[in-house]
Student: 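This is the structure I have questions about; it appears just below.
Residue numbers begin at 1 in each chain, while the letters A, B, ... track the order of the sequences. Computation of the quantities below employed the complete heavy-atom set of this structure, encompassing side-chain atoms and omitting hydrogens, waters and symmetry-equivalent molecules. Just so you know, these numbers come straight off a predicted model, no measurement behind them.
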There are 2 protein chains.
Amino acid sequence: MSDICDVFCINKEAVEVVRAKMLEHNLVADTAEIFKVLGDPTRMRLLYALSQRELCVCDLSAVLGMTQSAISHQLRVLRSARLVRYRKTGKIVYYTLADAHVTQFIDVGVDHARESQPR
Amino acid sequence: MSDICDVFCINKEAVEVVRAKMLEHNLVADTAEIFKVLGDPTRMRLLYALSQRELCVCDLSAVLGMTQSAISHQLRVLRSARLVRYRKTGKIVYYTLADAHVTQFIDVGVDHARESQPR
DNA sequence: TGATTATATGAATAGATATTCATATATGAG
DNA sequence: CTCATATATGAATATCTATTCATATAATCA
């Protein structure tokens, strides 16, 4: 069997063809990173709330029923993944979704979840 | 400020409107779960390889350059998320993507990663 | 039947991560 | 300037997770 194989694989030709067309590791990492950021219930709820309207940090805390600190930490994650934008008005910081892509992600994900059999 | 707020939020009306339209917790959890499964480089590479053609476990190990055990464990995660299907022929187990949705996920994710500024 | 091969899986471990708590920064009010 | 408020952030912790190692299962072959 394979141990970092090349020798004992079943279909050597297929392996080489597929391997040749694999994505660069950086691109794979970036893609996985985006999904990882989307893959947390708190962040998903933040994004869904923001898909309805612009909201400040305090209101996001209220909507989710979580502490301001927890929300701020997660907003930081969303910011560095460039999934949200923000604007500052005095002390208040308003967050919005970064672009239409983000809404698309949410929609595709929610649709898929809805279609899956209830567990 | 808010501490599981309701009292000190900035825009009480907005909070209630958004809150009323929030997704059920189960649906949020399911959606986040899908993204979480997609959010790992190894699983992303497995799915990308399978988007090219059906492959057995051993060949997947060869393509990714990882042990059979690691691959099998990750395939299990993909299976329980219903992102892949498999068929058995003798000792060999062939895996494929579960449906077109999965390809769509990959495409949207990779596109988004490509568009983001290189870090 | 016994040996070999392909895959699956349980336990252990190292590394990642979400939340909390305490505190820092920054803006506006008085 | 001082106080209150909105947000950000560092450290600590509890939980989760990806891989490894050892082993189990199951199918084929001699």
Student: Using heavy-atom distances to pick each residue's nearest nucleotide on DNA chain D, tell me which of B:Gly39 and A:His73 is more 5'.
Tutor: A:His73

Student: Just to confirm, is there a sub-4.0 Å distance from OP1 or OP2 of D:dT7 to any side-chain nitrogen or oxygen of A:Ser69?
Tutor: no

Student: Does a side-chain N or O of B:Lys91 approach OP1 or OP2 of D:dT25 to a distance below 4.0 Å, or not?
Tutor: no

Student: When you get a sec, tell me which of D:dT20, D:dT17, D:dT7 is the closest nucleotide to the side chain of B:Thr67?
Tutor: D:dT20

Student: Would you kindly give the CZ-to-C1' distance between A:Arg76 and D:dA6, to the nearest whole Å?
Tutor: 17 Å

Student: Is the B:Phe105 ring parallel, tilted or perpendicular to the A:His112 ring (thresholds 30°, 60°)?
Tutor: perpendicular

Student: Just how far, in rounded Å, is C1' of C:dT27 from CZ of A:Arg87?
Tutor: 16 Å

Student: Would you kindly check whether a donor in the side chain of A:Gln68 faces an acceptor in the base of D:dA6, or vice versa, at under 3.5 angstrom?
Tutor: no

Student: For A:Ile92 and D:dA8, give me the distance from atom CD1 to atom P, rounded to whole Å.
Tutor: 12 Å

Student: What's the verdict on side chain to side chain contact (heavy atoms under 4.5 Å, CB included) for A:Arg82 and A:Asp99, showing C-alpha distance, side-chain angles and the deciding distance?
Tutor: CA-CA 9 Å; A:Arg82 297 197 193 84; A:Asp99 58 49; over 6 Å; no

Student: Can you measure A:Arg43 atom CZ to C:dA18 atom C1' for me and round it to whole angstrom units?
Tutor: 8 Å

Student: From CE of A:Met66 over to P of C:dC21, roughly how many Å is that when rounded to an integer?
Tutor: 12 Å

Student: Using a cut-off of 6.0 Å, state whether more than 12 heavy atoms not belonging to B:Arg79 lie near its atom CZ.
Tutor: yes

Student: Can you check the A:Asp40 CG to C:dT17 P distance for me, whole Å?
Tutor: 11 Å

Student: With a 4.0 Å cut-off on heavy atoms, is A:Tyr95 in touch with a base, just the backbone sugar-phosphate, or nothing at all?
Tutor: sugar-phosphate

Student: Just N and O in the side chain of A:Lys88: are any of them under 4.0 Å from OP1 or OP2 of C:dA26?
Tutor: no

Student: Please determine, for the side chain of B:Cys56, which listed nucleotide (C:dT7, C:dT19, D:dA8) has the closest atom?
Tutor: C:dT7

Student: Which heavy atom of A:Ser61 sits nearest a heavy atom of A:Gln68, and at what distance?
Tutor: OG-CA, 3.4 Å

